[in-house]
Amino acid sequence: MKGHLTTAAPAGSFLPDVRSVRANIGGWAQLSVVQYFVAEAAVIQAWAGPEPYSRATGYISDLGAVSCGIYEDRSVCSPLHLLMNASFVVQGLGLVLGALFLTAGLLCVAARPGMPARRFRAATNTPAPVRVLTVPWLLAVGVRVLTGVAGVGTVLVGLIPEDLDSPWHFAGALMFFIGGGFALILLAVLWFRQTPVSWFLGACGLVCIGALTIGGVTGMDVPQPGTLERLMGYPVTVGLAAAGLVIAQRVQRHRRELKARGLKAGRSAG
């Protein structure tokens with residue numbers, strides 16, 4: 001995303017262009033991940049296993065299993081597995097688009113129009129003048145990378161269902177949980193005091209990482225493994241969608257303000 005240099009801004013700063021098409025696409029793409037919940041509900045309703053599917057005990061990946069039968073001591077049969085796997089892929093692509101289009105400068109200022117994003121600062125205690133990346137910029141880059149990792153992981157989960165017995169399915173799930181959880185925590189730190197939603201994002205990230213830690217320690221051998229897995233996954237989907245909503249709303253609001261100013265200026269000129 002191109003910025004506009006200003007004489008008043010500190011060295012290494014620029015104003016992110018929140019009016020850009022990239023910002024709009026990135027925000028709405030990240031918000032689109034909520035379609036997962038609609039797809040999951042529809043697939044659960046079509047479940048054809050001998051026992052009704054339970055979110056408390058059933059694994060999420062069981063809904064995308066291609067074949068009906070016994071898988072790891074669980075009886076699975078999901079007639080709408082194509083819908084579930086397509087939803088995983090769409091969710092992943094939404095996160096990848098968000099990672100690509102919500103640039104570091106935009107994330108640094110939480111999509112606030114007119115706020116400069118400072119990329120560099122002068123390093124101290126060095127024999128020669130050196131510019132280094134600022135902490136907010138590094139956090140924003142980290143958020144983008146981790147969100148992209150989560151997106152790629154979700155795509156892998158959708159393209160490689162669990163009953164294909166490929167290690168890439170498990171790897172993709174870990175990429176989503178780990179990448180998404182830590183992306184939310186970094187974004188919460190980055191947006192602290194810039195928007196109240198930062199507290200919500202931080203809580204979502206901590207719940208995800210906490211549940212993931214419990215799952216790793218117990219090997220998912222808990223009374224309600226489905227609940228534990230959803231405590232890993234749901235906060236990532238909801239949290240990243242909330243971040244996308246914040247950016248999309250601020251971009252849209254700024255565009256409306258600019259349009260209103262343009263109409264006002266046109267009437268004044270007339």
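Sequential numbering from 1 along the given sequence is applied to the chain's residues.
Checked against Val246 for a side chain to side chain contact (heavy atoms under 4.5 Å, CB included), the options Val197, Leu187, Leu31, Val251 give a single hit: Val197.
Residues Ala104 and Val141 approach most closely at CB-CG2, 4.0 Å, considering heavy atoms. Contact detail for Ile185 and Leu206: the closest heavy-atom pair is CD1-CD2, 4.0 Å. Here the closest non-hydrogen pair linking Leu97 and Ala29 is CB-CB, 3.7 Å. The two residues Ala23 and Leu106 make their nearest non-hydrogen contact at CB-CD2, 3.8 Å. Closest heavy-atom contact between Gly181 and Ile209: CA-CD1, 3.9 Å. Here the closest non-hydrogen pair linking Gly172 and Val157 is C-CG2, 3.7 Å.
Under the salt bridge (charged side-chain N to carboxylate O under 4.0 Å, His left out) criterion, the residue pairs touching residues 148-165 are Arg74-Glu162, with sequence neighbours excluded. Evaluation of the ring-ring contact (aromatic ring centres under 6.0 Å, His included) test over residues 198-233, restricted to residues two or more places apart or in two chains, returns Phe192-Trp199. Applying the ring-ring contact (aromatic ring centres under 6.0 Å, His included) test to every pair with at least one member in residues 201-228, sequence neighbours left out, gives no pairs at all. Screening residues 136-178 for ring-ring contact (aromatic ring centres under 6.0 Å, His included) gives Phe14-Trp137 as the qualifying pairs, with residues at least two apart or on separate chains. Pairs passing the salt bridge (charged side-chain N to carboxylate O under 4.0 Å, His left out) check and including a residue from residues 228-249, sequence neighbours excluded, read Glu40-Arg230.
By the rule that hydrophobic residues join a cluster once side-chain heavy atoms approach within less than 4.5 Å of another member, Ile247 and Met115 end up as members of separate clusters. There is no path of hydrophobic side-chain contacts, each under 4.5 Å, that joins Val66 to Ile160. Ile60 and Val90 fall into different hydrophobic clusters, where Ile, Leu, Val, Met, Phe, Trp and Tyr side chains are chained together by heavy-atom contacts under 4.5 Å. Under the 4.5 Å side-chain heavy-atom criterion for Ile, Leu, Val, Met, Phe, Trp and Tyr, Leu184 and Val135 are members of the same hydrophobic cluster. In the hydrophobic cluster analysis, where Ile, Leu, Val, Met, Phe, Trp and Tyr join through side-chain heavy atoms closer than 4.5 angstrom, Leu107 is grouped apart from Leu245.
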Residues Thr227, Arg55; criterion side-chain contact (heavy atoms from CB on, under 4.5 Å); working and verdict: CA-CA 6 Å; Thr227 298; Arg55 285 185 173 89; over 6 Å; no

side-chain contact (heavy atoms from CB on, under 4.5 Å) assessment of Tyr36 paired with Tyr234: CA-CA 10 Å; Tyr36 162 82; Tyr234 282 8; 3.8 Å; yes

Worked verdict on Ser75 versus Glu51 for side-chain hydrogen bond (donor to acceptor under 3.5 Å, both in side chains): CA-CA 8 Å; Ser75 180; Glu51 298 290 337; over 6 Å; no

Chi angles and distances behind the side-chain contact (heavy atoms from CB on, under 4.5 Å) call for Val152, Val155: CA-CA 5 Å; Val152 172; Val155 171; 5.6 Å; no

side-chain contact (heavy atoms from CB on, under 4.5 Å) assessment of Glu72 paired with Tyr59: CA-CA 11 Å; Glu72 293 185 351; Tyr59 286 88; over 6 Å; no

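Without hydrogens or angle criteria, Thr154 side chain to Gly92 main chain gives no donor-acceptor distance under 3.5 Å. Not one N or O on the side chain of Gln30 forms a donor-acceptor pair closer than 3.5 Å with the backbone of Leu95. Between the Gln194 side chain and the Leu190 main chain, a donor and an acceptor come within less than 3.5 Å of each other. Panel note: side chain Tyr53, backbone Val76; no donor-acceptor pair is recorded below 3.5 Å. The closest donor-acceptor contact from the side chain of Ser198 to the backbone of Thr195 lies under 3.5 Å. For Thr147 (side chain) and Ala99 (main-chain N/O), no donor-acceptor pair under 3.5 Å exists by modelled atom type. For the pair Arg250 (side chain) and Ala111 (backbone), a donor-acceptor distance under 3.5 Å is absent. Between the Asn85 side chain and the Gly64 main chain, a donor and an acceptor come within less than 3.5 Å of each other. Arg144 contributes a side-chain N or O that, together with a main-chain N or O of Leu100, makes up a donor-acceptor pair within less than 3.5 Å.
In this structure the side chain of Pro16 reaches within 4.5 angstrom of the side chain of Val109, judged on heavy atoms. Leu63 is not listed as a side-chain neighbour of His81, based on a closest heavy-atom distance of 4.5 Å or more. By the 4.5 Å heavy-atom criterion applied to side chains, Phe37 and Val238 are counted as neighbours. Put simply, the side chain of Ser78 reaches to within 4.5 Å of the side chain of Val43, judged on heavy atoms.
Between the side chains of Ser87 and Gln35, a donor-acceptor pair is found at a separation under 3.5 Å.
Heavy atoms from other residues, nucleotides or ligands lying under 6.0 Å from CD of Gln252 number more than 12.
Separation of atoms OH (Tyr71) and OG (Ser61) is listed at 8.0 Å; rounding is to 0.5 Å. Note that CG of Leu201 is 6.5 Å distant from CH2 of Trp191, once rounded to the nearest 0.5 Å. One distance of note links SG of Cys108 with CZ of Arg119; it measures 9.5 Å at 0.5 Å rounding. Taken to the nearest 0.5 Å, the CG atom of Asp62 stands 11.5 Å off from the CE atom of Met84. Taken from CG in Leu212 to CZ in Phe182, the straight-line distance is 8.0 Å, to the nearest 0.5 Å. Note that the OG atom of Ser166 and the CG atom of Leu156 stand 8.5 Å from one another [nearest 0.5 Å].
Qualifying side chain to side chain contact (heavy atoms under 4.5 Å, CB included) partners for Leu186, counting only residues two or more places apart in sequence or in other chains: Leu139, Val143, Leu146.
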